[in-house]
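Take a look at the structure below.
We name chains A, B, ... by the order of the sequence lines, and we start the count at 1 in each one.
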Amino acid sequence: MKKIELAKAYEPQSVEDGIYRDWEQSGLFNPDNLPGKRDESFTVIMPPPNATGTLHIGHAMFLTLEDIMVRFARMRGKAALWLPGTDHASIATQAKVEKIVAKEEGKTKYDYGREAFIERIKKFVGGSQATIRRQVRKMGASCDWSREAYTLDDPRSRAVREMFVRMFDDGLIYRGYRIVNWCPRCESTLADDEVEYREQRGRLYFMKYGPFTVATTRPETKLGDTGVAVHPEDARYRDMIGTEFEVDFGIGPQRIRVIADGSVDPEFGSGVVGLTPAHSAVDFEMAERNGLPIRKVIGEDGKMTALAGRYAGMTVEECRTRFVADLEAKGLMEKVEDLDNNISVCYRCATPIEPLTSRQWFIDVNRPIADRENKSLKELSVEAVRSGNIRIVPDRFEKVYCRWMENLRPWCISRQIWFGHQVPVWYCDDCRGGLAADGDGLEGVIVSRDTPDSCPKCGGANLRRDTDTLDTWFSSGMWTFSTLGWPDNAKVGPDGTVEKTGDIKRFHPTSIMETGYDILPFWVARMILMTTYALGEVPFRNVYLHGLVRDEQGRKMSKSLENIIDPMDVAEKYGTDAVRLSLTIGNAPGNDLKMSEDKIAYFRNFANKLWNISRFILMGGIPEGNPARPEPRTLADRWILARFDETVRSVTADLEGMNYSRPGETLRDFTWNELADWYLEIAKIEKAQENDDNKQKILAYLLSNLLKLWHPFMPFVTEEIWRQAFAAGPEDRIMVAEWPEVPAAAADDGAVMDGMAALREIIVTIRNIRSEYGVEAAKKIGAVAVAGDRIDLVSRHAQVIRGLARLGELRVSAEGDRPEGQVAAAVVAGVQLFVPLGDLVDADAEKERLNRELADAEKYLAALKGKLGNADFVAKAPEAVVAAEREKLAAQEDKIAKLRGQVAGMS
RNA sequence: GGGCGCUUAGCUCAGUUGGUUAGAGCGUCUCGUUUACACCGAGAAGGCCACAGGUUCGAGCCCUGUAGCGCCCACCA
């Protein structure tokens, strides 16, 4: 036996960094270096944090959850890979640097110029990445840094170009003139889901409009109208459907066709909608269906175009003011009403979105793909989830996903942002004479993996590269496989099948994608779409969605509310393990989590409790080497081992089922409420009665394996205790220890549980009596137990009862041994307890207390009798349930009889 | 407008196919330095499980409806 003395309290600050360094240097984060065969792989690709600065508590949460998954898999003998990385997040990062440059240098991106500004962004990103790497390490994340990736590094850029070319060749990427969301501040398009809506007090203008009156919130767009829509059943206008007329808003005549559409609400406004195909998504679609021409009056610069005649060159706001005034002057404005409505704004800079038609690159989500059984991207993506090939947790998000996917419109992938993957597209000036303003078709367009020297068609050398960059989600959509060596590790055969090699073969599809429910459509959906296309398989088997971290009152954390909890601050203050537990326990998938510093402090206390449990056990001495499973000797031994086994089974099953909160609770309850509060206290007494090391062997076994169970949750404190106590040498780390295996539940476990429960009840009851009569804690009193059938149990554990209930003497008899004088009495688990307390006991009060208990027991008895007297219950309920009720009835009758005896003895 | 979720102790939440007298942590109150731990220990109080019906021998759990709260999607020109 070796005795070890741990420090009096756990000090995370002094050990965490060193432990992480050791883990990292061991190379064991890389599955290639793990010992053993490891046939089965387990892969998590880290959702790459945006390289826009620092990590927040939400990142700390996902790092914790993913680390639990990976550490568990690693300990269970799997080739566990957790691949880290960062995202260039084009719009977000560029916007951030624009802000910094404006504030610190008073410059705009134009002052820099495109090349120099991109360099400036790269510098900023480099700093962010360094910070992020440091922070990820601080959280204890056991990710494989040797495989770290960045969505904009060279391998990923190659993959993106490859994907673009392949999709273009398959006709899935096309160039089209369609309506897009345009952010005038970012000077770029946005995807539909990058648009947010804000409530706004607006106005509804009723203007004279040829033969109609049209209501609009944006009068200036009427300059771009080419039609009006009415409800097909609207009697007022039915006869006019299909007719054309001209209006003149002061810029010359506009030809307007009347069309019918069921979506028009006859009750709203005048029941006539002016159609502006170029500046409203809904109108655009109606125009497409009815062949209306497009008339673009607002340009990408946010100013009115030449088609707006005298208003050309004005900003939208100026134009509105002038136009409204002009209409009023001409008596064409009927009335103006107040109206609350939603306006769309950019999700990055909150600038109002200007919908407009533009020539952009799109992904066609509806086009059948020959190599994929003629299914479209949309169909493939829906099928991946519907078929069960991907499981989403919690499952209610499957519906959200499917609905979103089914309603997907053409995905606009080109952005006019500078920072990002430039589209691999060149235009040949010789073939086409350059890219005509709004020309159609693809003449003169070259799509290529590498930079072409000359035009493949005409040999001309006057090539210009398209300046557009790709939607940031295009590259992050490829994240699960671009990080594993795509395209080199996935050769496509002539029939479209994919032959996987290297890391893709070994680690793809990945096991779990753990991410926030808020980016289910943004990201998860895109990954499924891109992966089913590129690899013909799903990107991941499971999606685990976490919620948002909120403050104590359930509010979002924000700078303005000053309620931000910085994960680095609290990790430093309370220890990383405490922060991790506070983010795990009580955290249900798909639900938001309320966080507070008090909660973290509570888990700091718990880490210290575990430390002190270890300290106590190790002080008593542990056997050399890995503690084997010892033979239980006493009831308590049997009980704690059975409880431990059950804990192992339950924690293992939960972790396998992607439940991370409950195993934390299970472990905390076992560690604190059973091991520390009961078994350790009993062990102190029983150890003195045994003349060998059996107790310490049991304790060592329990501790070493309990540390393993805790390790995925609290990697640092468990590794530190392991290192000081159980490690065979510096290379022996709990991180790669084998996950505990325990025998199945034994047949006599029930009896063990029952005996232990009785023992605990007896002790608690005596403690209760002491407390009730205000007996000083230090004072040893005597007690008598009339134990009946329990005589064996009670007499064998007399020492334990005396110790834990602080009794001087405990007299045990089978029956009829009531002490003289004033006694407090109780019946528990079939045992009568008498505690002679002399003058402390008021006989009347005691009698009343017993009578109250008697009344409760009788009430319960009546309920049981009622239940068992119900013929339907006895006939229809399962036998075991009925038998259990009968047992309860018998126990209750016994208790009542004994209580009556005690009451009688009082007088 | 459409969809989803929630409502259990003062607070945060468990409660897995319906079956002990509904649990835990925090907080509150009482007592306590028993040599692992005051970042601790012992004990206590505290709940018509939102409401109303229904199914069932039996409902916190299943079904229907109502109310309140929250979220997502669509979006009215």
Side-chain angles (χ1 to χ4, degrees), chain A residues 6 8-10 193 197 204 214-218 221 228-229 263-265 267-276 280-283 339 341-342 344 394 396-397 399-400 403-404 407 517-518 520-521 547-548 552 554 574 578 585-586 588 590-594 596 598-599 601-620 654 657 659 661-662 665 668-669 672-673 676-677 680-681 684 764 767-772 774-778 803-806 856-857 859-860 863-864 867 870-878 880-882 884-885 887-888 892:
Chain A
L6 295 182
K8 209 161 154 61
Y10 173 56
D193 44 13
Y197 294 89
L204 189 61
V214 160
T216 179
T217 50
R218 298 199 55 191
T221 63
V228 294
S263 69
V264 176
D265 177 2
E267 304 294 314
F268 188 88
S270 60
V272 183
V273 183
L275 296 179
T276 322
S280 155
V282 183
D283 294 4
L339 178 78
N341 69 336
N342 284 333
S344 49
R396 65 173 187 272
F397 283 99
K399 265 183 253 165
V400 176
R403 192 150 36 85
W404 185 86
N407 293 325
Y517 66 74
D518 51 329
L520 178 70
L548 264 47
E552 236 168 329
Y574 300 102
I585 293 183
N591 282 9
D592 293 350
L593 177 71
K594 291 192 178 108
S596 69
D598 286 350
K599 201 160 150 185
Y602 167 77
F603 287 110
R604 183 268 321 265
N605 296 354
F606 176 72
N608 189 57
K609 182 79 184 179
L610 180 62
W611 179 267
N612 271 289
I613 289 167
S614 308
R615 180 173 137 91
F616 169 72
I617 292 173
L618 297 174
M619 266 178 9
D654 276 342
N659 190 337
S661 175
R662 192 165 51 187
E665 287 179 74
R668 182 197 56 197
D669 293 346
W672 207 323
N673 302 338
D677 289 349
L680 289 189
E681 296 306 323
K684 285 176 188 172
V764 167
R767 285 171 175 171
N768 263 328
I769 289 171
R770 295 182 66 112
S771 175
E772 193 149 339
V775 179
E776 293 148 47
L804 298 199
R806 303 204 56 73
D856 283 349
K859 205 170 134 198
Y860 183 37
L864 288 169
K867 208 169 186 182
N870 182 341
D872 278 336
F873 172 71
V874 179
K876 293 180 183 170
V881 174
V882 178
E885 295 302 304
E887 258 180 58
K888 280 185 243 166
Q892 215 52 216

| said: Please report the distance separating the C1' of G46(B) from the corresponding atom of C62(B), rounded so that it comes out in whole Å. | reply: 30 Å
| request: For Val764(A) and for Phe616(A), locate the closest nucleotide of RNA chain B by heavy-atom distance; then report the residue assigned to the nucleotide nearer the 5' terminus. | output: Phe616(A)
| said: Would you say Lys8(A) places a side-chain N or O within less than 4.0 Å of OP1 or OP2 belonging to C37(B)? | reply: yes
| query | Any side-chain N or O of Tyr197(A) under 4.0 Å from OP1/OP2 of A74(B)? | reply | no
| request: Searching all strands shown, indicate the nucleotide that pairs with A52(B) (Watson-Crick or G-U wobble; both distances under 3.5 Å). | output: U64(B)
| Say you pick atom P in C11(B) and the same atom in G3(B); how far apart are they, in whole Å? | 32 Å
| field | Asp592(A) (side chain) donor-acceptor with Leu548(A) (main chain) under 3.5 angstrom | value | yes
| Distance between C1' atoms of G23(B) and A67(B) (Å, rounded) | 28 Å
| Nearest nucleotide by nearest heavy atom, which residue falls closer to the 5' end of RNA chain B, Asn605(A) or Lys594(A)? | Lys594(A)
| said: Is there, by distance only and without an angle test, a donor paired with an acceptor across the side chain of Glu681(A) and the base of A42(B) below 3.5 Å? | reply: no
| query | What is the distance, rounded to the nearest whole Å, between atom CG of Asn591(A) and atom P of G5(B)? | reply | 11 Å
| field | Nearest-neighbour nucleotide for the Lys876(A) side chain, C57(B), G25(B), U34(B) considered | value | C57(B)
| Any donor and acceptor pair, going by atom type alone, linking the side chain of Arg668(A) with main-chain N or O of Ile585(A) inside 3.5 Å? | no
| Pairwise P distance, U21(B) and A59(B) [rounded to whole Å] | 12 Å
| task | Check whether any side-chain nitrogen or oxygen of Asn407(A) sits under 4.0 Å from OP1 or OP2 of A74(B), and answer yes or no. | result | no
| remark: For C40(B), the nucleotide meeting Watson-Crick or G-U wobble distances (both under 3.5 Å) is G32(B)
| query | Is G1(B) paired to anything, Watson-Crick or G-U wobble with both distances less than 3.5 Å, and if yes, which nucleotide? | reply | C73(B)
| task | Tell me whether the OP1 or OP2 atom of G41(B) has a side-chain N or O from Trp672(A) closer than 4.0 Å. | result | yes
| field | Euclidean distance, atom CG of residue Asp265(A) to atom C1' of G1(B) [Å, nearest integer] | value | 11 Å
| Same-atom distance (C1') from G10(B) to U66(B), integer angstrom | 27 Å
| request: Measure from CD1 on Ile769(A) to P on G43(B) and round the result to the nearest Å. | output: 13 Å
| Taking only side-chain nitrogens and oxygens of Tyr602(A), does any of them come within less than 4.0 Å of OP1 or OP2 of C26(B)? | no
| message | From C-beta outward on Arg668(A), which listed nucleotide comes closest to its side chain: U21(B), C39(B), A24(B)? | response | A24(B)
| field | Integer angstrom distance from the P of A24(B) to that of C69(B) | value | 32 Å
| message | Could you check whether any side-chain N or O of Arg615(A) sits under 3.5 Å from a backbone N or O of Ala9(A), counting only pairs where one atom can act as donor and the other as acceptor? | response | no
| query | What distance, rounded to whole Å, do you find between the two P atoms, one in A9(B) and one in G25(B)? | reply | 16 Å
| When all nucleic acid strands are considered with a 4.0 Å heavy-atom cut-off, which category describes Arg770(A): base, sugar-phosphate, or nothing? | nothing
| So what's G46(B) paired with, Watson-Crick or G-U wobble, going by both distances under 3.5 Å? | none
| field | Main-chain N/O of Asp654(A) paired to Asn659(A) side chain as donor or acceptor, under 3.5 Å | value | no
| request: Counting Watson-Crick and G-U wobble pairs only, both distances under 3.5 Å, name the nucleotide matched with G27(B), or none. | output: none
| Across all strands shown, which nucleotide pairs with U21(B) by Watson-Crick or G-U wobble geometry, both distances under 3.5 Å? | none
| query | Does Glu681(A) pair with Lys684(A) as a salt bridge, N-O distance under 4.0 Å? | reply | yes
| task | For the pair Phe606(A) and Trp672(A), evaluate side-chain contact (heavy atoms from CB on, under 4.5 Å) and give the outcome as yes or no after the intermediate values. | result | CA-CA 8 Å; Phe606(A) 176 72; Trp672(A) 207 323; 3.2 Å; yes
| said: Does Lys609(A) contact C37(B) through a side-chain donor or acceptor facing the base, at a distance under 3.5 Å? | reply: yes
| query | Quick one: the side chain of Asp598(A) and the base of C26(B), do they pair up donor-acceptor inside 3.5 Å? | reply | no
| field | C1' spacing across the pair A45(B) / U30(B), given as an integer number of angstrom | value | 10 Å
| Phosphate OP1/OP2 of G43(B): any Arg767(A) side-chain N/O under 4.0 Å | yes
| task | Check the pair Glu885(A) / Lys888(A) against salt bridge (Lys or Arg N to Asp or Glu O under 4.0 Å), numbers first and verdict last. | result | CA-CA 5 Å; Glu885(A) 295 302 304; Lys888(A) 280 185 243 166; 2.4 Å; yes
